[in-house]
2 protein chains.
Amino acid sequence: MVPGAASKEAVARKPNLREAILCAAEELFSTNGFNAVSVRDIAQAAGANPGSVTYHFKTKDGLLLEIYRRHCVPMNLRRSELLAAAKRIRDPQDRLEAIVRAYVLPAFSSGSDLAGGGARFTRLRAVMSAEGNEVARRIIAQTFDDTSHAFIDAIQETLPHIPRNDIVWRSHFLLGALYYSLVTPERVSRLSRGDADGADAGDAIEQLVRATVAALQAPPLDPAAPLQRRAARTKA
Amino acid sequence: MVPGAASKEAVARKPNLREAILCAAEELFSTNGFNAVSVRDIAQAAGANPGSVTYHFKTKDGLLLEIYRRHCVPMNLRRSELLAAAKRIRDPQDRLEAIVRAYVLPAFSSGSDLAGGGARFTRLRAVMSAEGNEVARRIIAQTFDDTSHAFIDAIQETLPHIPRNDIVWRSHFLLGALYYSLVTPERVSRLSRGDADGADAGDAIEQLVRATVAALQAPPLDPAAPLQRRAARTKA
DNA sequence: GAATTTCTTGTACACTAGTACAAATAGCAT
DNA sequence: ATGCTATTTGTACTAGTGTACAAGAAATTC
């Protein structure tokens, strides 16, 4: 590539190149995985120079780290707000639904800074979790588990008769379903044989909430078996 | 590394190196992603020479392709068997549960050739799907969608009052939950605060079946509400 | 307007990637 | 044994990787 004219033209106006790099990286990582994307790919997509990436984020890991830092706080903040609002609902059924929605909504679109950034960031988290990315794992463990606990506690309160263990599993499934919905957005419409071609984010959210609420309310797993196991374990 | 003595020792008896390479690749890909693993990594893990990989599978993509070929047929066969058996159950509730179990069981352990290979292969599929791997995408589309349709049809039969669209979504969520459970096996025990430290595959299967059946049986999405939501939703 | 900090560029370097290929070896029928 | 084939090895090659760094441009401050 000729560096002179082309780049000057493409980058004639670069109000915030750092931002553009973050954005491009987010998009590329979330669709192709971390290792499949090179720093040069990112730079090119952002209309920047590979050196700029090094300058702003030092390393490729640093870039990923910054993406997480950028999104984690607003997303969890939004979740906390919605959770607090949901907890004020009196009717247990409505409350449970609101709690689940409070967890799901910000994942599809963080309403703060970037339009649609929530969905993209969630997709990114899904990919990083699948790839077993070490940087992501660390951040998630120390940032998201608190929020997850808060949600699990809130759910537990509306479902006192369900063992916490079951609630944890079902919340876990929720996250998996959430991730997968964002990772393969086209699969649903392919499987529904055209019956529902207009599968959009709104549908996904409502379907996910409905399904999760039902799953959470399901009778717990055979109550005898866990007791046996617990008795056998606590003795040791 | 000294090539002479060490390799001769490690590979003193190599009844089927091709097999070992496939196995090592499966393990490495499914835990680290496709692009994070080099051919040399695979060769070393299999106690083989990088050249052997090229000899047996031509390219890295060819290796991945062979892994899929190896597992897809037995897995879908097993699923078909279990599905056929499930369909013979009279009681609709029991039948639905058996159908879901027929889908889930082979994903956790294909009972044919490799012990535990089902879970590893499912994890691999999860990772490939997250990474948007092109090879995997092609194979899955042409191999798994048939099976998925068969299952969806069977489910639909036990739940005639649920729109097919909703069933598709909920099956989609099942797959996501399934994938995620295998991708992050440690997360559940971390979140359950030690209440259930012995989270094993059996628990996962039963929890997944229970949750999915409940989700599938949930009342369909209010056919009127989407009109309201569509006006209020954030992203088009 | 000059100095200084902040950003951007171009390029270079050490390294690893996937793959190719000739040589060496093993297995096996004859 | 003797070929013959299938496999395994060692190595080489090109392309692309992450990152470092000097030099230039822009912005900001005094």
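The sequence lines fix the lettering, A, B, ..., with proteins before strands; numbering per chain opens at 1.
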Given dT19(C), dG18(D), dT8(D), which nucleotide is nearest the side-chain atoms of Val39(B)?
dT19(C)
Nearest 0.5 Å please: distance from the CD1 atom of Ile167(B) over to the CD atom of Gln156(B).
3.5 Å
Please check the phosphate of dT7(D) (OP1 and OP2 only) for any side-chain N or O of Tyr55(B) closer than 4.0 Å.
yes
Taking the basic N atoms (NZ, or NE/NH1/NH2) and the acidic carboxylate oxygens, is any pair closer than 4.0 Å for Glu19(B) and Arg70(B)?
yes
Does a nitrogen or oxygen in the side chain of His56(B) sit under 4.0 Å from OP1 or OP2 of dT8(D)?
yes
Given that Arg18(A) and Ser38(B) both sit by DNA chain C, which one's nearest nucleotide is further toward the 5' end?
Arg18(A)
So does Ser52(A) get a side-chain nitrogen or oxygen closer than 4.0 Å to the phosphate oxygens (OP1/OP2) of dT9(C)?
yes
For a quick test of reading the model: is some side-chain N or O of Asn49(A) closer than 4.0 Å to OP1 or OP2 of dG10(C)?
yes
Give a yes/no answer on whether the side chain of Thr54(B) brings an N or O atom under 4.0 Å of OP1 or OP2 in dG18(C).
no
Under 4.0 Å between a Lys/Arg side-chain N and an Asp/Glu carboxylate O for Arg137(B) and Glu131(B)?
no
From NZ of Lys58(B) over to C1' of dC21(C), roughly how many Å is that when rounded to an integer?
10 Å
Test Asn35(A) against Phe34(B) for side chain to side chain contact (heavy atoms under 4.5 Å, CB included), laying out the working first.
CA-CA 9 Å; Asn35(A) 293 282; Phe34(B) 184 74; over 6 Å; no
Between the side-chain atoms of Arg40(A) and the base atoms of dG16(D), is any donor-acceptor pair under 3.5 Å?
no
Quick note, Leu17(A) side chain, CB onward, closest among dT19(D), dT8(D), dT8(C) is dT8(C)
